[in-house]
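Down below is the structure, laid out as structure tokens.
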Amino acid sequence: QVQLVESGGGLVQAGGSLRLSCAASGSIFVINDMGWYRQAPGKQRELVATITRGGSTNFADSVKGRFTISRDNAKNTVYLQMNSLEPEDTAVYYCNARLVMRGTIDLRSYWGQGTQVTVSS
């Protein structure tokens with residue numbers, strides 16, 4: 001099985017920073033894309049940022065210039081550095097990994113349990 005465990009959420013004032021981490025573990029052969037999504041109350045889950053195994057990144061327009069994404073392939077871990085946080089960034093943040101488990105050839109998507117980020121004004 002595969003587990004994605006997130007950490008680093010919390011409460012922060014507007015203008016502050018937080019760093020989220022997500023570590024994937026289990027019977028993993030290779031991880032392709034990793035990323036972060038978020039879901040605010042009453043809204044659909046939306047993409048925040050993704051990063052390929054080679055380090056290419058993609059960001060939602062709303063976070064460009066404020067958030068950065070990085071990964072450590074040796075540790076199967078992805079990070080999201082969030083700066084200049086705004087109340088509109090308040091949401092549950094979910095980690096995602098598209099990977100192939102050992103002994104298989106299927107590329108599948110896995111999700112973490114989510115971590116709450118609350119930005120006060």
Side-chain angles (χ1 to χ4, degrees):
Q1 273 292 357
V2 173
Q3 284 190 324
L4 272 62
V5 179
E6 300 130 332
S7 60
L11 173 65
V12 64
Q13 288 189 332
S17 298
L18 283 174
R19 188 189 194 213
L20 306 183
S21 299
C22 172
S25 63
S27 186
I28 299 169
F29 175 62
V30 65
I31 301 177
N32 286 10
D33 297 348
M34 301 187 82
W36 292 93
Y37 294 72
R38 67 186 181 187
Q39 188 167 17
K43 295 188 177 181
Q44 289 189 333
R45 190 173 298 189
E46 63 177 5
L47 179 146
V48 176
T50 60
I51 184 168
T52 68
R53 184 169 182 81
S56 297
T57 59
N58 180 49
F59 294 92
D61 288 343
S62 59
V63 306
K64 283 180 180 177
R66 299 188 297 123
F67 291 11
T68 58
I69 187 170
S70 61
R71 64 189 282 176
D72 184 334
N73 291 330
K75 296 181 178 180
N76 289 339
T77 300
V78 63
Y79 307 95
L80 185 69
Q81 179 65 45
M82 305 184 292
N83 298 328
S84 302
L85 282 161
E86 303 168 352
E88 293 74 22
D89 295 317
T90 295
V92 177
Y93 283 68
Y94 296 91
C95 173
N96 175 265
R98 297 178 71 238
L99 59 87
V100 179
M101 288 182 64
R102 289 197 187 107
T104 73
I105 59 172
D106 300 322
L107 185 65
R108 294 188 177 184
S109 182
Y110 292 85
W111 293 91
Q113 79 286 355
T115 185
Q116 177 70 45
V117 171
T118 303
V119 184
S120 63
S121 56

Asp72 side chain vs Ala74 backbone, donor-acceptor pair below 3.5 Å = yes

What distance separates Thr52 OG1 from Ile31 CD1, expressed to the nearest 0.5 Å?
-> 12.5 Å

Would you name the heavy atoms of Leu20 and Gly9 that are closest together and state the gap between them?
-> CD2-N, 3.5 Å

Donor-acceptor under 3.5 Å (Gln39 side chain, Gln44 main chain) | no

Ring-face cation of Arg45 near Tyr94 (centre distance under 6.0 Å, axis angle within 45°) | yes

Could you check Ser109 against Asn96 for side-chain hydrogen bond (donor to acceptor under 3.5 Å, both in side chains), going step by step and ending with a plain yes or no?
-> CA-CA 7 Å; Ser109 182; Asn96 175 265; 2.7 Å; yes

In this structure, CZ of Arg19 is separated from OG1 of Thr68 (nearest 0.5 Å) by 8.5 Å

Backbone N/O of Gln113 and side chain of Glu6: donor-acceptor pair under 3.5 Å | yes

Carefully, step by step, assess Tyr93 and Met82 under the rule side-chain contact (heavy atoms from CB on, under 4.5 Å).
-> CA-CA 12 Å; Tyr93 283 68; Met82 305 184 292; 3.9 Å; yes

Output the distance between atom CZ (Arg53) and atom CG (Asn32), rounded to the nearest 0.5 Å.
-> 7.5 Å

Shared hydrophobic cluster for Leu80 and Val12 (ILVMFWY, side-chain gaps under 4.5 Å) | yes

Can any side-chain N or O of Thr115 pair as donor or acceptor with the backbone N or O of Ser7 at less than 3.5 Å?
-> no

Would a 4.5 Å heavy-atom cut-off, applied to side chains only, mark Leu99 and Tyr110 as touching?
-> yes

Interatomic spacing from NZ in Lys43 to CZ in Arg38 - rounded to 0.5 Å = 8.5 Å

Transitive ILVMFWY side-chain link Val117 to Leu4, under 4.5 Å = yes

Please test Asn58 against Leu47 for side-chain contact (heavy atoms from CB on, under 4.5 Å), starting from the C-alpha separation and ending with a verdict.
-> CA-CA 9 Å; Asn58 180 49; Leu47 179 146; 4.1 Å; yes

Can you check side-chain contact (heavy atoms from CB on, under 4.5 Å) on Cys95 and Val78, steps first, answer last?
-> CA-CA 8 Å; Cys95 173; Val78 63; 3.8 Å; yes

Taking Arg66 for its side chain and Ser84 for its backbone only, find out whether a donor-acceptor pair lies under 3.5 Å.
-> yes

Around atom CZ of Arg108, are there more than 12 heavy atoms of other residues, nucleotides or ligands at under 6.0 Å?
-> no

Test item: Thr77 side-chain N/O and Lys75 main-chain N/O as donor-acceptor pair under 3.5 Å | yes

Should Val2 and Ile28 be marked as a side-chain contact (heavy atoms from CB on, under 4.5 Å) after you check the CA-CA gap, both sets of side-chain angles, and the distance that decides it?
-> CA-CA 7 Å; Val2 173; Ile28 299 169; 4.0 Å; yes

Nearest-0.5 Å distance, CG of residue Leu85 to OG of residue Ser17 = 6.0 Å

Shared ILVMFWY cluster between Leu107 and Phe29, side chains joined below 4.5 angstrom?
-> yes

So if you build clusters from Ile, Leu, Val, Met, Phe, Trp, Tyr with side-chain heavy-atom gaps below 4.5 Å, do Val92 and Trp111 land together?
-> yes

List the steps, then state whether ring pair (Phe, Tyr, Trp, His ring centres under 6.0 Å) holds for Phe67 with Trp36.
-> CA-CA 11 Å; Phe67 291 11; Trp36 292 93; over 10 Å; no

Atom of Ser121, atom of Ala14 and distance for their closest heavy-atom approach = CA-CB, 4.4 Å

Answer yes or no: are there more than 12 heavy-atom neighbours, outside Gln3 itself, under 6.0 Å from its atom CD?
-> no

Is there a path from Val63 to Ile51 through hydrophobic residues (I, L, V, M, F, W, Y) whose side chains come within less than 4.5 Å of each other?
-> yes

How close do Gln116 and Thr90 get, heavy atom to heavy atom, and via which atoms?
-> NE2-CG2, 4.0 Å

So how far is it from Ile69 CD1 to Ser56 OG, rounded to the nearest 0.5 Å?
-> 11.5 Å

Answer yes or no on whether Arg71 is positioned over the face of Tyr79, meaning its NZ or CZ is under 6.0 Å from the six-membered ring centre and within 45° of the axis.
-> no

